[in-house]
Amino acid sequence: MEKRNWFGDLLSHPKEVVTVHSVDDIVRVLTDSSKYPSPVRATGSNHSTTRCAVANEGTNIDMTGMNKIVSIGSDTVTAQAGALYIDVAKELEKQGLQFYVNVELGNLSIGSAACGGTKDSSMPGEWGQVASYVAGMKLVLPSGEVLEVTEAQPDLLQIMRSSYGLLGVIFEATFRIRPLQSMAVYHETFDLEDFAQSLPAIFGKPEAIMMYLWPFDNKITIEFRKYHDRNDRAPSRFVWWARNIVWKNFSPLFAFLVTKLVPIKGLRYFILDTFGILLRFSMNYILRSPHTSPTDQIIRYPEKSGMSRYTFSIWAFPEKSFLQTLRDYFQFCRAYYRSNRYRCNMLNVGYRIAQDQQSLFSYSFHEPVVSIDPVSTGDPGWKEFLLAYNEFCSDHGGVPLFNQSYGITQGQARKAFGDRLNTFEETRKRYDPQNRLFNHYFQELLSIGSE
Ligand SMILES: Cc1cc2nc3c(=O)[nH]c(=O)nc-3n(C[C@H](O)[C@H](O)[C@H](O)COP(=O)(O)OP(=O)(O)OC[C@H]3O[C@@H](n4cnc5c(N)ncnc54)[C@H](O)[C@@H]3O)c2cc1C
């Protein structure tokens, strides 16, 4: 059998694919290794850009059949693992509530959100990783036993929050939530040198900071977001609607078509750079409003990707040396283009994320970080570019995400996470001594065991 991730570039060849509808279904799969061979990998929406969910010769547990919201309280929501983040967020919004972290990918499944890497720019005083707000989860262990982990077991919960389905299959998770609050958003564009001058003031603002980066134009557009107490006006839906349409459909489709139809690279990138000028103008002058709903940031992507699909990769860098890293990255992109005639046909983005030790593989475990995420329609040369980018990132003290940073090596993972890999591996061996859930991808990265 062949399964592809949402973007379509990563293949998995499981012997069995089982769409589960109950806890008993999951128990049955995990306890019958003759019918359901190892490795067993659960999938939600299969949006990951790495091989984290690949189950070659093994079993894929498709969680999308378990998609109910179990309960909504004043400060928590509990949902089944296959529920989509956007569906839960919309239900919360109806009740005057919201998630803390409103990631752009609405197709993110609750199971993956609870145990995998995610990012959005941190609102002041808050974290930027969805799993950091997990208050509890229920999972089926490889032995078939059901385990509930709560905030009463902080060390175990910290490991579970970045367990990527290697300790068990999550069927239900509870997240901390908050009252819905009106949010202002606006954008400003800087030249690299202006940005360098203004950086202390920019990072000093009590606002969430996300960036659009244009290495070939030396430009940075910042999206600022902040909550405010005036909840008395209906939110403007236009700003996020327009951003979402452009980001989800128009921008990748345009990049795809220009890349396909304009083989002369000078002309191709002239057109794409001109499009970038238009985007920056629109962001600065149109995408701003003092009253929006945080939930509107979340995008529902089509179930099957089409011509407007895009992909990306991400590493996070220490905030204290980010300016130098950014300068070097712009140089790196130019040098790479000069020697390889390849550059990303979409822009790059970046997120400022607070220090966060809520999960073991948090990429901001030691300090606040800012990410650099190249984005592309995956045209020829993309994967090779990412391998060079990985080296650049690792050399600059970057930290990757196991589900969103393509092509990382064991050495890069070890450099980024150090002893935390050992801590995880000790726990993993306790919960999964037979390597029932351990696929080739994680074996290589953790560098222990064999498939
Ligand atoms: C177009 C696009 C836009 C994106 N935008 C963002 C963004 O703005 N912010 C962001 O943070 N990320 C973003 N992502 C990345 C995405 O959030 C992550 O890759 C996420 O893991 C995808 O969720 P999923 O449900 O598809 O997980 P999958 O890819 O299905 O699984 C991810 C991992 O979780 C494991 N897993 C899944 N379900 C379970 C379960 N029930 N129990 C145990 N383990 C499980 C899988 O085995 C795998 O290791 C984007 C991806 C794409 C393609």
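Counting starts at 1 for both ligands and their atoms, in listed order.
- Donor-acceptor pairing under 3.5 Å is recorded for the side chains of Tyr301 and Glu104.
- For Tyr164 and Tyr441, the ring centers sit 6.0 Å or farther from each other.
- Nearest non-hydrogen protein atom to atom 18 (C) of ligand 1 is Asn403 ND2, 3.6 Å.
- Under 4.0 angstrom from ligand 1, the non-hydrogen atoms of His47 come from both its backbone and its side chain.
- Cys52 SG, 3.6 Å is the protein heavy atom nearest to atom 48 (C) of ligand 1.
- For atom 38 (N) of ligand 1, the choice among Cys115, Gly168, Ser112, Ala131 with the nearest heavy atom turns out to be Ser112.
- Contact atoms of ligand 1 toward Asn46: 24 (P), 26 (O), 28 (P), 29 (O), 30 (O) (distance under 4.0 Å to a heavy atom of the residue).
- Of the listed options Tyr310, Phe312, Trp247, Phe312 places a heavy atom closest to atom 50 (C) of ligand 1.
- Closest protein heavy atom to atom 16 (C) of ligand 1: Leu105 CD2, 3.4 Å.
- No more than 12 heavy atoms of other residues, nucleotides or ligands shown are found within 6.0 angstrom of NZ on Lys68.
- Distances from atom 37 (C) of ligand 1 to the heavy atoms of Pro39, Ala42, Gly82, Ser308 show the closest one on Ala42.
- Within the structure, the closest approach of Tyr164 to ligand 1 falls below 4.0 Å when heavy atoms are considered.
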